[in-house]
Amino acid sequence: MSDTRRISTQGRLTPVLLCGTMLAGVCHAPAMAQQSPASTPPAATASPVPATSAISPTQTIRSITVEGSQRLEPDTVLSYTRLRVGGSYTRASLDEGLKELYASELFSDVQIRDNEGALTIQVTENPVINRIVLEGNKRLKDEKILPEIKMAPRQIYTRSKVRADVARIIELYRRQGRFAAVVDPKLVKLDQNRVDIVYEISEGPKSKVRQINIIGNNVFGDGRLRGEMATKQARWFRLFSSGTTYDPDRMAYDQQKMRQFYLTQGYAEFRVVSAVAELTSNKQDFIITYVVEEGDRYKFGDVAVKSDIRDLSSDALTRSLRMHKGDWYNAKEVEDTVEQLNQTAGLFGYAFADVQPEFNRSKEDRTMAITFRIANAPRVYVERVDINGNTLTQDKVVRREFRLHEGDAFNTFQVKRSQDRINSLGFFQEKLEIEQKPGSAPDRIILETNVEEKATGELQLSAGFSSLERFILSASITQRNFRGMGQELRTSVNYSAYSKSVNVGFTEPYFMDKNIAVGADIFRQDMNSFNYISGNTRNTIYSQVRTGFQLRAGIPVTEYLSLALRYGLSFDNVTLDQSTYYSDRLTPNVLQCDPLLAGQYLCDAIGKRTTSTIGYSLIFDSRDNRIRPTRGHSVTFSQDFAGLGGNVRYLRNRLSADKFWPLGGGFIFSLRGEAGYIKSFESAKSASGDPVRLVDRFFLGEPQLRGFDIRGVGPRIIRKYYTYDTSGNVTGLNESRSTWSDDSLGGRAYYLAHAEVEIPLGSGARDLGLRPSIFVDAGAVFGVRRPTYANGGLLDLPTTITLPYYDASGLRQCLSETDGSLTSIPNGSSCPAGSSVYGVQVGGFKEFFYGDTPKPRVSVGFGVNWNSPFGPFRIDVAKALITAPGDDTKLVTFNIGTQF
């Protein structure tokens with residue numbers, strides 16, 4: 001007698017077919033059609049075979065033979081079933097053996113044949129996966145999907161794993177808001193029982209939120225409540241917003257936001273009854289419906305603080321509360337009060353004070369009485385300070401910023417201050433926090449700081465374009481955490497059409513492990529000053545070469561006040577192009593700077609000077625972060641005295657201050673101001689009449705005062721050129737600014753003020769380093785003496801004169817009228833017959849003195865900072881609202897590839 005047990009080949013357990021008789025010695029389940037792995041196979045069905053004999057209920061297994069195995073040894077196949085030679089078996093045990101073999105997921109087909117106790121197990125092994133292929137995925141790349149697929153090449157193929165992988169891929173797309181995504185797995189059979197698995201993906205469009213409906217709101221309109229939500233309705237003006245895609249987590253967050261909003265408005269009984277998101281038939285849009293109950297609006301009843309801590313006065317704390325009886329109930333104020341009371345307790349050393357608000361709601365008069373109970377707690381001391389995660393930075397670099405040490409009484413203010421100081425280092429992740437953990441005893445606390453180090457070294461090689469300096473090439477190496485000791489080492493080289501500089505600097509913030517900062521800088525700067533001729537044409541008017549060094553030291557006076565000392569020595573050489581600006585008009589046969597060509601103020605600046613300065617700065621800084629402050633203020637007063645050696649004497653004074661306020665929602669408002677005055681201790685030896693040299697004065701304009709061009713504000717000499725008729729008679733002055741020659745003089749005093757609001761953006765824009773802002777700037781530079789020349793006033797030459805050119809030997813040159821050749825003659829001699837003096841015609845202009853007024857210049861605008869791959873980028877669009885005659889305005893300014 002023979003009996004066969006079989007399982008379906010289509011990947012799931014089918015009803016077991018029991019054959020009471022044999023048909024050709026074997027009983028088979030009916031064959032099933034091939035299907036794709038993702039489809040659901042039909043249930044196995046069988047036509048009953050007429051019974052011819054019965055199977056004995058219990059028999060003994062005489063032998064077991066395994067057939068059809070290719071990769072697996074027969075003993076391995078038998079290890080997956082409990083059938084053993086010599087053991088007894090029944091119909092039920094054979095059925096169980098089939099299930100056990102199939103449960104291994106190694107076989108696509110299993111049969112057991114029984115011939116009077118001689119069992120034959122016929123298996124068909126599942127194929128081996130050759131490779132996994134993704135097709136049709138564009139929005140999600142292979143490297144995003146493949147980690148979610150659990151099957152891999154050289155593994156055994158099973159349908160259950162395919163279904164699980166399909167579900168994971170679809171879930172990935174749903175997280176991206178693509179609920180219409182379809183994944184169709186295909187099986188490609190290969191030789192040697194191998195297969196390729198191909199996932200054909202139809203990504204579909206993002207499922208947007210078409211409509212947000214709110215039912216039950218009577219006090220606040222739908223638009224007001226939608227404004228509190230992170231999810232937004234899809235509209236054309238939200239083309240780049242990520243909030244218009246459906247996200248179930250965001251939907252739960254929106255319910256919390258609605259509840260928080262109502263609780264801040266006094267509706268203590270508000271609740272969201274239901275929230276339903278319906279997917280449209282085309283799977284492209286969601287319609288979200290909230291059903292809410294607003295309830296009654298409550299006011300604060302009696303509000304009091306009951307403290308069990310001896311050092312905390314209940315009456316004093318009650319008087320300090322911001323909410324009062326009769327005010328509208330506000331849950332946010334309650335949360336803030338709990339936080340404030342915890343901080344107050346922390347200031348007295350009670351780190352684990354437990355503040356619990358007790359609510360007493362009166363539905364009759366709709367009031368909410370609150371008692372804040374502060375449970376008794378021991379005063380806490382710092383047991384240990386732990387610093388984790390710093391692999392490069394030495395422990396002492398972080399520890400020296402702590403305002404609390406082992407054994408100190410706990411103080412929340414000092415913890416916050418320590419946190420701000422560590423954040424200001426700029427060595428670690430943003431928004432680093434110091435965790436407070438219980439110590440070994442109730443009166444002990446552990447301060448734990450888990451840091452994530454970020455790159456503090458910067459190698460920058462950049463080329464850019466600046467509206468200030470045209471093309472710029474720069475290379476710099478900066479390490480702000482040199483050797484992990486908090487030291488700063490920097491070197492930079494900059495080259496542009498108008499400036500060249502080399503700078504090397506080093507700063508040790510804790511000299512010999514004392515709270516004293518020392519540093520030194522060595523520099524060489526080659527700078528060209530310029531004026532504007534014919535609009536945008538720049539004309540280099542003088543060159544200044546400065547070489548020097550500076551020594552620095554900083555000493556803390558208090559926690560927020562510090563004293564900075566410095567000494568600098570520099571050598572300046574200001575030169576002019578002799579062929580352009582020199583003549584012997586003033587003194588025959590003696591070449592010297594000619595005011596007709598250069599202006600008297602520029603002639604006075606020529607020469608070599610040695611400047612030896614000693615200075616100090618008093619700095620008060622309470623900002624939470626020196627790099628990206630969000631709150632706090634700073635004030636700096638500086639004085640630099642030149643005259644400790646050298647041949648320059650002056651006292652330069654500066655005062656600057658700023659303050660930052662967080663406005664909520666990521667908005668940051670700041671006010672900044674600065675002013676300066678320079679007092680010369682030299683007499684006015686020059687014809688221009690000002691004792692402060694041109695190179696030592698203050699200048700103002702772009703980029704300090706946006707909306708104005710470089711040095712576009714303040715005292716200046718403008719040359720306007722005469723116009724003539726065909727007969728050569730003067731008809732007037734050309735009032736087109738593009739034809740003027742504009743020379744900025746600077747001033748001895750200046751002031752500058754900024755008001756700015758930084759606007760938050762989404763997380764994607766923040767990751768790109770985009771920081772937009774709107775601003776108002778105001779300022780002025782003034783206090784230079786009106787230039788006076790030998791004739792007692794500004795130059796006014798309606799007619800032109802010819803100033804001769806000189807050769808390399810300093811001899812005059814004559815131009816032949818016949819062949820145009822040049823002939824050199826001794827100075828004082830006349831040109832031969834048939835030739836004339838070769839030179840340049842000057843004159844035909846009138847000079848005007850403008851801009852020496854303390855009247856504020858005001859501009860408004862907006863700008864964007866971007867930490868681009870090419871270097872820091874800043875663009876500002878500013879409109880000058882208040883100007884003075886002679887000011888040079890500018891609408892758009894930008895800089896890229898250089899810090900400013």
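The model shown is predicted, which means the values in this text are computed figures rather than measured ones.
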Should Glu758 and Ser670 be marked as a side-chain hydrogen bond (donor to acceptor under 3.5 Å, both in side chains) after you check the CA-CA gap, both sets of side-chain angles, and the distance that decides it? CA-CA 8 Å; Glu758 186 174 314; Ser670 63; over 6 Å; no
Determine, stepwise, if the pair Phe775 / His754 fulfils side chain to side chain contact (heavy atoms under 4.5 Å, CB included). CA-CA 7 Å; Phe775 56 83; His754 309 273; over 6 Å; no
Do Arg379 and Asp311 meet the salt-bridge criterion of a basic N to acidic O distance under 4.0 Å? yes
Nearest-0.5 Å distance that lies between atom CZ in Arg310 and atom OH in Tyr350: 6.0 Å
Would you call Arg403 and Asp408 a salt bridge, using N to O less than 4.0 angstrom? no
Check against side-chain hydrogen bond (donor to acceptor under 3.5 Å, both in side chains), Tyr567 and Ser612: CA-CA 8 Å; Tyr567 171 76; Ser612 175; 2.8 Å; yes
Please confirm whether the backbone N or O of Glu148 pairs with a side-chain atom of Arg168, one donor and one acceptor, at under 3.5 Å? yes
Just checking, Arg652 and Phe698: is the charged tip under 6.0 Å from the six-membered ring centre and within 45° of the axis? yes
Salt bridge present between Asp254 and Arg250 (N-O < 4.0 angstrom): no
Is the backbone N or O of Ser440 less than 3.5 Å from a side-chain atom of Glu383, with the two atoms forming a donor-acceptor pair by type? yes
Within this structure, what is the CE-OH distance for the pair Met229 and Tyr253, rounded to the nearest 0.5 Å? 12.0 Å
Is there a side chain to side chain contact (heavy atoms under 4.5 Å, CB included) between Thr613 and Phe641 once you walk through the steps? CA-CA 5 Å; Thr613 61; Phe641 173 71; over 6 Å; no
Contact summary for Val635 and Ala657, nearest pair of heavy atoms: CG2-CB, 4.0 Å
For Phe669, look at atom CZ and say whether over 12 heavy atoms of other residues, nucleotides or ligands are found less than 6.0 Å away. yes
For Arg400 and Val397 the tightest heavy-atom approach is CG-O, 3.5 Å
Does anything in residues 481-490 form a side chain to side chain donor-acceptor pair (under 3.5 Å)? List the pairs, not counting sequence neighbours. Thr393-Asn481, Arg483-Gln487, Gln487-Glu508, Glu488-Arg490, Arg490-Asp521
Is atom CZ of Arg399 surrounded by more than 12 heavy atoms (other residues, nucleotides or ligands) closer than 6.0 Å? yes
Could you pull out the closest heavy-atom pair between Ala353 and Ile374, with the gap in Å? CB-CG2, 4.4 Å
How long is the gap from CZ on Arg623 to OH on Tyr560, to the nearest 0.5 Å? 13.0 Å
Between Asn411 and Leu347, is there a donor-acceptor pair closer than 3.5 Å when you use the side chain of the first and the backbone of the second? yes
Any side-chain heavy atom of Arg322 sitting closer than 4.5 Å to one from Asp336? yes
Is there a side-chain contact between Glu559 and Gln414 (heavy atoms, below 4.5 Å)? no
Non-hydrogen side-chain atoms of Phe372 and Thr318 separated by less than 4.5 Å: no
Phe620 CZ: over 12 foreign heavy atoms closer than 6.0 Å: yes
CD of Glu406: more than 12 outside heavy atoms within 6.0 angstrom? yes
Heavy-atom donor-acceptor pair, Thr449 side chain to Ile387 backbone, under 3.5 Å: no
Can you tell me if Lys144 has over 12 outside heavy atoms packed within less than 6.0 Å of its NZ? no
Between the side chains of Asp308 and Lys306, is the shortest nitrogen-to-carboxylate-oxygen separation below 4.0 Å, so that they form an ion pair? no
Locate the shortest heavy-atom distance separating Ser424 from Asp624; write the atom from each residue and the value. OG-O, 3.7 Å
Under a 3.5 Å distance rule, please check whether Ser314 uses its side chain to pair with a backbone N or O of Ser307 as donor and acceptor. yes
Does Ile522 have more than 12 heavy atoms from other residues, nucleotides or ligands lying within 6.0 Å of its CD1? no
Determine whether Phe402 and Ile422 satisfy the following criterion, side chain to side chain contact (heavy atoms under 4.5 Å, CB included), listing intermediate values before the conclusion. CA-CA 8 Å; Phe402 269 87; Ile422 296 173; 3.7 Å; yes
Nearest 0.5 Å, please: how far is CG in Leu655 from OG in Ser617? 11.0 Å
On a heavy-atom basis, the closest approach of Pro378 and Asp443 is CB-CB, 4.2 Å
Using a 3.5 Å distance criterion without hydrogens, assess whether the side chain of Ser622 forms a donor-acceptor pair with backbone atoms of His633. yes
Got more than 12 heavy atoms from elsewhere within 6.0 Å of CZ, Phe637? yes
Quick check: do Leu489 and Ile477 have side-chain heavy atoms less than 4.5 Å from each other? no
Taking side chain as C-beta onward, heavy atoms only, is Tyr616 less than 4.5 Å from Gln639? yes
In Å, rounded to the nearest 0.5 Å, how long is the span from OG1 of Thr547 to CD of Gln525? 9.0 Å
Which atoms form the tightest heavy-atom contact between Asn390 and Val451, and what is the distance? N-CG2, 3.6 Å
Between Arg373 and Glu358, does any NZ, NE, NH1 or NH2 come within less than 4.0 Å of an OD or OE carboxylate oxygen? yes
Determine yes or no for a side-chain-to-main-chain donor-acceptor pair under 3.5 angstrom, with Gln419 supplying the side chain and Ile434 the backbone. yes
Would you check if the side chain of Gln550 reaches a backbone N or O of Arg566 as a donor-acceptor pair within less than 3.5 Å? no
So do the side chains of Ile774 and Ile759 get within less than 4.5 Å of each other, counting heavy atoms only? yes
CA sep, side-chain torsions, deciding dist, call: Gln256, Gln260, side-chain hydrogen bond (donor to acceptor under 3.5 Å, both in side chains): CA-CA 6 Å; Gln256 289 296 109; Gln260 290 174 6; over 6 Å; no
Could you tell me whether Lys416 and Asp420 have a side-chain N and a carboxylate O separated by less than 4.0 Å? yes
Apply side chain to side chain contact (heavy atoms under 4.5 Å, CB included) to the pair Lys396 and Met485, showing each step before the final yes or no. CA-CA 8 Å; Lys396 69 176 184 179; Met485 298 178 64; 4.1 Å; yes
To the nearest 0.5 angstrom, please state how far the CG atom of Asp777 sits from the CZ atom of Arg706. 4.0 Å
